[in-house]
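Data first, discussion second: the structure below is written as structure tokens.
Below, read A as the first sequence line, B as the second, and so on, with proteins coming before strands; counting in each chain starts at 1.
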Amino acid sequence: MLDVGFIRQETDLVRRALRAKGESADIDWFLRLDKDLRAVVTETEGLRARQNQLSPEIGRRKRAGEDADALLEEVSDLKAKQKQLNDRKDQLELDLRRILMRIPNLPADDVPVGHSDSDNAIVDTWGEPRTFEFEPKAHYDVGDALGMFHSDRAARISGSGFSLLTGALAQLERALWNYMLDIHTREHGYTEAAAPYLVRGTSLEGSGQLPKLEGDMYRCRDDDLWLIPTAEVPVTNIHRQEILTEDELPLRYAAFSPCFRRESGAAGTDTRGLTRMHQFHKVEMVAVTRPEDSDAELLRIRANAETILQRLDLPYRVVLLCTGDTSFASAKTFDLEAWAPGCGKWLEVSSISTFRDFQARRAEMRYRPAEGGKPRHVHTLNGSGLALPRVLVAILENYQREDGSVAIPDVLRPYMGWKTDIR
RNA sequence: GGAGAGAUGGCUGAGUGGUCGAAAGCGCCGCAUUGCUAAUGCGGUGUGGGUGUUGAAGCCCACCUCGGGUUCGAAUCCCGAUCUCUCCGCCA
């Protein structure tokens, strides 16, 4: 969330940013409630101060056997007034918070202004799309032919939007996430984290999914827990309500997790294959930095994610999302899109974002500067490193051969018992 | 699921109705002293908010897990919630 003082002072900037993101919030009403709140607080505290003055005096007089009736009367008067003001204060705070939690993060200055993905900027490409001597098949046809991809059975078990992989294909997915975690922890300096897959609502507020994305997630109502849509949620909340020391920063975590998404707004799209699932696996990178380091960290995470694609030798492009495509909590987001020659599509396999202090403010994550002074909010960032089913798709479609077999990328062979292909 | 115990500041740990934002110790910071280090002495050391000054000082309010209540007055009493721990049961 944004700082209330900032909204007060930079009102126009906030308005402009909201418009650029295609979001709306009643800033005027917010400011008015904010003003009312401060008036009420000032008045209540004055009454309270007076009461605090009277109490000891009442005690003294009672003990001395003197008359305290006049003071008691004044106190009961003060309390009655405070009660009224307090009700008003509670209501104002509730209303303000409701608005504040729905105001999105401001986009960074260098994010292109735009409404849809057609306004996104392609900032880099890597690799040459492979050429085939035959018509490359879509991954589901490749998997079907191998007898290792079972959409009909998955549907019988859980309905549409779920996948069932068997044999070498299931193994290949496990090889991929092991490989990714190994690279990030051994070469990129991340600490591996195994975090809960069920979280409380407060964690989701901390990372920014709630309240806005309530309908996109699975909720266990009996226990008031939610299935995580990404490991970002538990991992970003690791240091919730902590004051870190400056020398602990930056913190870098890499975590594998399943991700659960209702995809309620996407019903009917991408129904075939593995590109849009209610449940999928992902390796996620999360960083916590000093504010002055977060811009560099964003590029670092992006490079870490790109490393995986490069070593898998999968052609991809880097997209800088425009204001309208940048998510609620993000200030700036890069997507990595791998080329899938079978579907003929660029698949988003990673999304790398800086949230600046937006999540830190919600999750109350701060650090104390080395030279002392007030705690400051940290900056948080994350990036997929990478999302598995789509990487699997890219591998199946890029590494397929005319005879229906699939070559195993070199770097994964140690994880696949040194097999060279799947057939 | 059953029975019990507990939750205090960065940490340990006192405190059962007023003088407690909270003893003491540890840690940390500053100063002093010692030819360095160690040791010692003195002082300081939480967070959020209001007001103010348009990055001051000051003043005020709140916070002893959270939310209610009793009281002129609550860290202390009452009720509820959450979390932690122990034992039993169950279970991968």
Side-chain angles (χ1 to χ4, degrees), chain A residues 1-13 30-97 100-101 194-206 220-226 234 237-249 251 258 291 357 360-378:
Chain A
M1 67 191 165
L2 302 183
D3 178 57
V4 176
F6 180 83
I7 299 175
R8 277 203 286 264
Q9 281 169 12
E10 304 290 342
T11 310
D12 287 339
L13 203 130
F30 179 84
L31 290 174
R32 190 166 155 191
L33 292 179
D34 174 57
K35 203 172 169 190
D36 288 354
L37 175 67
R38 279 179 296 143
V40 169
V41 165
T42 306
E43 192 177 352
T44 322
E45 288 187 352
L47 298 176
R48 184 77 193 166
R50 175 66 182 153
Q51 191 190 327
N52 286 345
Q53 276 180 337
L54 293 177
S55 277
E57 178 61 14
I58 290 171
R60 196 193 61 75
R61 288 200 191 178
K62 280 193 166 178
R63 251 173 285 127
E66 295 170 21
D67 174 52
D69 288 356
L71 297 184
L72 285 171
E73 199 176 318
E74 185 178 350
V75 165
S76 97
D77 193 43
L78 288 168
K79 284 171 76 170
K81 281 184 192 153
Q82 283 180 70
K83 176 116 182 76
Q84 280 191 343
L85 287 170
N86 259 326
D87 291 345
R88 173 115 180 88
K89 174 167 163 262
D90 290 347
Q91 190 56 49
L92 283 167
E93 282 177 341
L94 214 68
D95 291 346
L96 278 163
R97 185 178 160 77
L100 194 58
M101 290 297 280
Y197 304 150
L198 284 163
V199 297
R200 335 173 87 148
T202 47
S203 297
L204 288 157
E205 285 176 356
C220 309
R221 286 188 186 275
D222 285 346
D223 298 287
D224 203 24
L225 289 166
W226 304 69
N237 278 282
I238 287 176
H239 297 286
R240 179 186 184 77
Q241 289 181 319
E242 288 185 22
I243 298 178
L244 302 159
T245 58
E246 183 166 354
D247 60 9
E248 289 177 272
L249 302 176
L251 288 163
D357 61 3
R361 193 165 267 120
R362 292 177 161 231
E364 300 170 67
M365 292 168 61
R366 292 169 296 173
Y367 79 98
R368 194 179 299 283
E371 66 271 20
K374 290 280 174 199
R376 304 167 67 197
H377 285 102
V378 296

Using whole Å, report how far [atom1] of [X] lies from [atom2] of [N].
X: A:Glu242; N: B:C11; atom1: CD; atom2: P; result: 11 Å
X: A:Gln53; N: B:U19; atom1: CD; atom2: P; result: 16 Å
X: A:Glu364; N: B:C63; atom1: CD; atom2: C1'; result: 13 Å
X: A:Arg200; N: B:C66; atom1: CZ; atom2: P; result: 15 Å
X: A:Arg63; N: B:C72; atom1: CZ; atom2: C1'; result: 11 Å
X: A:Glu57; N: B:G73; atom1: CD; atom2: C1'; result: 13 Å
X: A:Glu93; N: B:C63; atom1: CD; atom2: C1'; result: 14 Å

What's the gap between [N] and [M] when it is taken at their [atom1] atoms, as a whole Å value?
N: B:U70; M: B:C78; atom1: P; value: 15 Å
N: B:U54; M: B:G44; atom1: P; value: 32 Å
N: B:G9; M: B:G15; atom1: C1'; value: 14 Å
N: B:G46; M: B:G6; atom1: C1'; value: 24 Å
N: B:G80; M: B:A5; atom1: P; value: 14 Å
N: B:C20; M: B:U34; atom1: C1'; value: 39 Å
N: B:U47; M: B:G10; atom1: P; value: 8 Å
N: B:A81; M: B:C72; atom1: C1'; value: 29 Å

Identify, with sequence neighbours excluded, every residue that meets side-chain contact (heavy atoms from CB on, under 4.5 Å) alongside [X].
X: A:Glu10; answer: A:Phe6, A:Leu13
X: A:Pro369; answer: A:Glu246, A:Tyr367, A:Glu371, A:Arg376
X: A:Leu31; answer: A:Ile7, A:Arg8, A:Thr11, A:Ile27

Open item on the list: Please identify which of these residues, A:Glu364, A:Arg362, A:Arg361, meets the side-chain contact (heavy atoms from CB on, under 4.5 Å) condition with A:His377.
Closed with: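 Of all the options given, the one that passes is A:Arg361.
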Task: Close side-chain approach of A:Leu37 and A:Lys89, heavy atoms under 4.5 Å - done: yes
TODO: Any strand is fair game: report the nucleotide pairing with B:C11 by Watson-Crick or G-U wobble, both distances under 3.5 Å, or none.
DONE: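 Pair assignment: B:C11 / B:G25.
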TODO: Enumerate the residues from residues 71-90 of chain A whose closest heavy atom to RNA chain B is under 4.0 Å, giving them by residue number; use none for an empty result.
DONE: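 Hits under 4.0 Å, by residue number: A:Leu72, A:Val75, A:Lys79.
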Is the phosphate of [N] approached by [X] (side-chain N or O, under 4.0 Å from OP1 or OP2)?
X: A:Asn52; N: B:C61; value: yes
X: A:Gln51; N: B:G73; value: yes
X: A:Arg48; N: B:C60; value: no

TODO: Inspect the contact between A:Glu93 and A:Arg97 and indicate whether a charged nitrogen and a carboxylate oxygen are less than 4.0 angstrom apart.
DONE: no
Task: Side-chain ion pair, A:Arg60 and A:Glu57, N-O less than 4.0 Å - done: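 Yes, charged N to carboxylate O under 4.0 Å.
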TODO: Could you encode protein contacts along nucleotides 43-51 of chain B as a string, one character per nucleotide from 5' to 3', using B for base contact, S for sugar-phosphate-only contact and - for no contact, with a heavy-atom cut-off of under 4.0 Å?
DONE: ---SSSBSS
Task: Pairs where residues 63-77 of chain A contributes a residue and the test side chain to side chain donor-acceptor pair (under 3.5 Å) is met, not counting sequence neighbours - done: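 Output for this query lists A:Arg50-A:Glu74.
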